[in-house]
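The structure appears right after this line, and notes come after that.
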Number of protein chains: 4
Amino acid sequence: MVNKRSQNGEAATLVAPGRPPRSETQTTILDAARELLADHGVHGLTVEGVAARAGVAKTTIYRRYRSKDELALAVLIDMVEDIAAIPDLDDTRGELIAFVDRAVKILGRTLMGRVMQGLVSDLATVPALAQAFRDRVVAARVAEVKRLVDRGIARGDLRADTDYELANELLFGPVYYRLFLSGGRLDSKLAPRVVDAFLAAFAPS
Amino acid sequence: MVNKRSQNGEAATLVAPGRPPRSETQTTILDAARELLADHGVHGLTVEGVAARAGVAKTTIYRRYRSKDELALAVLIDMVEDIAAIPDLDDTRGELIAFVDRAVKILGRTLMGRVMQGLVSDLATVPALAQAFRDRVVAARVAEVKRLVDRGIARGDLRADTDYELANELLFGPVYYRLFLSGGRLDSKLAPRVVDAFLAAFAPS
Amino acid sequence: MVNKRSQNGEAATLVAPGRPPRSETQTTILDAARELLADHGVHGLTVEGVAARAGVAKTTIYRRYRSKDELALAVLIDMVEDIAAIPDLDDTRGELIAFVDRAVKILGRTLMGRVMQGLVSDLATVPALAQAFRDRVVAARVAEVKRLVDRGIARGDLRADTDYELANELLFGPVYYRLFLSGGRLDSKLAPRVVDAFLAAFAPS
Amino acid sequence: MVNKRSQNGEAATLVAPGRPPRSETQTTILDAARELLADHGVHGLTVEGVAARAGVAKTTIYRRYRSKDELALAVLIDMVEDIAAIPDLDDTRGELIAFVDRAVKILGRTLMGRVMQGLVSDLATVPALAQAFRDRVVAARVAEVKRLVDRGIARGDLRADTDYELANELLFGPVYYRLFLSGGRLDSKLAPRVVDAFLAAFAPS
DNA sequence: GACTAAGCGAGACGGTACGTCGCGTCTTAAA
DNA sequence: TTTAAGACGCGACGTACCGTCTCGCTTAGTC
């Protein structure tokens, strides 16, 4: 989480003193935030609105998230936290398509797309948010790309010197380009085309 | 300009009564807006701030731009209006690299990067802005990609069925991915790598 | 007024630019404040409450009064501004009783009492308020005492060396003592008793 | 103390079970409160502030004082509890001056002045506080005035029908008038002047 | 010496109000 | 008729305290 205050690496002080925060509250807040985001877009995400909808005091929100931005990020993280691994299908193309297509679907059909659109400016601009997003989301995605690429190399489908980061950018850059700038459709045709281009570009010589 | 109100198509006979609008004002406003955007990020772009910095009354701004969003878009359009064509070098790779690298440099070194970061959320979200941006910027870029790709096809460097839109996304998606999400460096290495991957992917079979 | 911003002593800049403040608004605000003060005591005097009751935006209040304290003082000043002079009755005792009794009545029967009770702590504590109160209210009262005492001396009812300030304190101290501390009744018996004691104390030897 | 909860009127048999409250805590709390009051005025007296300064939990304070008001009153009572009697000097003027001057000094030089300034609004406004203050402080003072006046009458220095309450108000009204409203100096000249006026007013005919 | 009830520190929580910032509109007088 | 100046309504921000409510630990007593 974004502002887990006392995450002291090892040996916690046995237990935290004081009344523990209700985990239920946490959920309620994030749910309310997500709904507002969906219903009224990013301008509809106000701390006061979330408080009202969650039936929670504004202070309770500020106790957990230093600012509106942090709350927004938490919503995002909360939605993205489960970047499940793509299983080994012994089919590099299939795996990559599955991977890219999952992102396309999430961004194109769920709230995630709107959330990302709304937050991208802050993600690019506010240092704390940028850092958190890169550490949690970008890094996870690159790691998964690496796994898939490594499998592809092992199978002889990709060149051994394939650059993971560039691979990640080539595979997902077009997806976000559509989401943010061109307004292009996020449909099921996108992933195969991108993946095919990628495979052709990095086929073993 | 976005909402030049009195653009009297025909000839305004009878001269204008009253105080004439200062054409200089327009520039001053956009300059101030651009500077604020650069100095303090999106949150620093406020109508009141622009008015103060430009030494202009808020009313004057609202007479030209219906809302903050429109002003923001005007700033962007103002900066991007000159998408010059890439000259024919009889070198497909060179032309593409020049094209992509120009974007990389503009986004990486000038205010343009910050402006784009700041506006991308609105660009993706506010219909009017999205429309305007696509019509003016995205479309221009795709057209230029088409020209370059066509030249490449003619030279036998690219497959005849190369998809312009996908080409555009593969070439620029990674650039914006770095600008918006990963924070990757926008340096001179990026363009060649992206272009090489693109060329490999769409080399004639 | 407390925060009349541009009170430049002489030659104002001809006229103020911009939309002039609606004097009606001023009145509405003070009225609302006074009513709240009366209905719910000092804890009932909240800027938000006044705004709601006056049908005015909070900002409008803050544009006129820097803080809640200033608003409160304005209410007080507004109520007290008309310290009318006591007419010459050719009767020192009668004049003094009329003077003291008027204060007793105002403090005992009108909102003024509650207002004073509520504000006295800030009046004693916040330098700006203290200063303003002394300049506008205390000073006016002392001046009036001086007038009455001078007339009394001229008539031979009072000693020539009567101290105005002490006179003021002896005449009004008991009144405020009851209002603030002892809760003693502010009735029509108070003024004559205080004045008689005062006259006896300062009778010519 | 104001709200010693378990003051079981009759005999609490069976002793109290459980850990008894630390009497030391009581002191620490009142000390902290007094200091805050002195350092930052009434607005500086916050339960949270007292808790922090006293190194005590908020709960501990609320276990002893139902509200902030009660705490404030406790501070005041704590400071005022020792209204020592003025010894018989066989000198009415001297005794009265000593009495008034002691109040002047306490209010002028010790924290007591600031505490009174800070609390006077609540003292005048909150019924419970008003009651307690009158019972404990005002009454004690009037009783002492009565003793002194009675001695003065016995000595032939004062008229037999001198009104104790009015005497009290004439003697102390000016003192509080300076403390609360006029900001006049609380110095050693005040007591003699007030007492002399009082004696002159109530000299036997 | 273990049990038990209260004291106590810590901090979450729902509230109310604060004072501030920015938006977009409206009203004035001057240029 | 444009412009500068600024009042105004509005919505949200983030903060400060209030008083209440768990928590779990500590510290007396009594059994």
Side-chain angles (χ1 to χ4, degrees), chain A residues 5-6 13-22 25-26 43 45-49 51 54-69, chain B residues 5-6 16-22 25 43 45-49 51 55-69, chain C residues 5-6 13-22 25-26 43 45-51 55-68, chain D residues 6 14-22 25 43 45-51 54-69:
Chain A
R5 248 85 145 195
S6 54
T13 1
L14 290 164
V15 271
R19 174 174 170 178
R22 309 236 296 148
T25 306
Q26 190 81 0
H43 295 303
L45 180 65
T46 69
V47 174
E48 299 203 325
V56 140
K58 234 188 348 165
T59 32
T60 298
I61 296 179
Y62 279 109
R63 222 167 273 124
R64 288 154 195 268
Y65 309 99
R66 258 188 270 284
S67 70
K68 188 181 146 171
D69 279 334
Chain B
R5 241 88 145 199
S6 53
R19 175 172 173 177
R22 309 233 302 149
T25 307
H43 297 304
L45 180 64
T46 69
V47 174
E48 302 201 323
V56 141
K58 264 204 302 179
T59 344
T60 303
I61 296 177
Y62 278 109
R63 209 168 290 116
R64 289 153 200 268
Y65 309 98
R66 255 187 270 281
S67 71
K68 188 181 145 171
D69 280 333
Chain C
R5 246 86 146 195
S6 52
T13 3
L14 292 163
V15 269
R19 175 173 169 179
R22 309 237 297 149
T25 306
Q26 191 80 1
H43 296 302
L45 180 63
T46 68
V47 174
E48 300 204 323
V50 172
V56 141
K58 237 191 343 168
T59 32
T60 298
I61 297 178
Y62 279 109
R63 222 168 271 123
R64 288 153 197 269
Y65 309 100
R66 258 187 270 282
S67 69
K68 188 181 146 171
Chain D
S6 51
L14 287 174
V15 212
R19 173 176 173 178
R22 311 235 300 150
T25 306
H43 296 304
L45 181 63
T46 68
V47 174
E48 301 203 325
V50 173
V56 142
K58 262 203 305 178
T59 343
T60 302
I61 296 177
Y62 279 108
R63 211 169 285 118
R64 288 152 200 269
Y65 309 98
R66 255 187 270 281
S67 71
K68 187 181 145 170
D69 280 332

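A note on names: the letters A, B, ... follow the listed sequences, proteins ahead of strands, and every chain is numbered from 1. Computed over heavy atoms, backbone and side chain alike; hydrogens, waters and symmetry mates excluded.
- Closest to the side chain of C/T46, out of E/dC18, E/dG24, F/dC13, is E/dC18.
- Between D/V56 and C/G49, the residue whose closest nucleotide on DNA chain E is further toward the 5' end is D/V56.
- For D/K58 and F/dG19, a side-chain-to-base donor-acceptor distance below 3.5 Å is present, hydrogens and geometry of angles not being considered.
- Contact annotation for C/T59: base contact, defined as any heavy-atom pair under 4.0 Å involving a base atom.
- In this structure, A/D69 places its CG atom 12 Å from C1' of F/dC13, rounding to the nearest Å.
- Closest approach of A/I61 and A/V47 over heavy atoms only: CD1-O, 3.8 Å.
- In this structure, C/R22 atom CZ and E/dT27 atom P are separated by 9 Å, rounded to whole Å.
- Atom CD1 in B/I61 sits about 17 Å away from atom C1' in E/dC26, given to the nearest Å.
- Taking atom NE2 of B/H43 as the reference point, atom C1' of F/dA12 lies 14 Å away to the nearest angstrom.
- Across the protein-nucleic acid pair, C/R19 atom CZ and E/dT27 atom P stand 6 Å apart, rounded to whole Å.
- Regarding contacts with the backbone of E/dC13, a side-chain N or O of A/T25 is found under 4.0 angstrom from either OP1 or OP2.
- Residues C/E48 and A/G18 each lie close to DNA chain F; by heavy-atom proximity, the contact nearer the 5' end of the strand is made by C/E48.
- Looking at which nucleotide of DNA chain F each of A/L45 and D/S67 is closest to, the 5′-most match is held by A/L45.
- The distance from the CZ atom of B/R63 to the OG1 atom of B/T59 is 6.0 Å, given to the nearest 0.5 Å.
- At a threshold of 4.0 angstrom between heavy atoms, the contacts of C/K68 are confined to the sugar-phosphate backbone, with no base atom among them.
- Remark: A/T60 is in phosphate contact with E/dG14, judged by side-chain N or O atoms under 4.0 Å from OP1 or OP2.
- Heavy-atom minimum distance, B/A57 versus B/A51: C-CB, 4.2 Å.
- At a threshold of 4.0 angstrom between heavy atoms, the contacts of B/G55 are confined to the sugar-phosphate backbone, with no base atom among them.
- Close to F/dT3, at under 4.0 Å from its OP1 or OP2, lies a side-chain N or O of B/R63.
- In terms of heavy-atom proximity, C/T60 sits nearest to C/T25 at CG2-CG2, 3.8 Å.
- In this entry the distance linking OH of D/Y62 with P of F/dT22 reads 17 Å, nearest Å.
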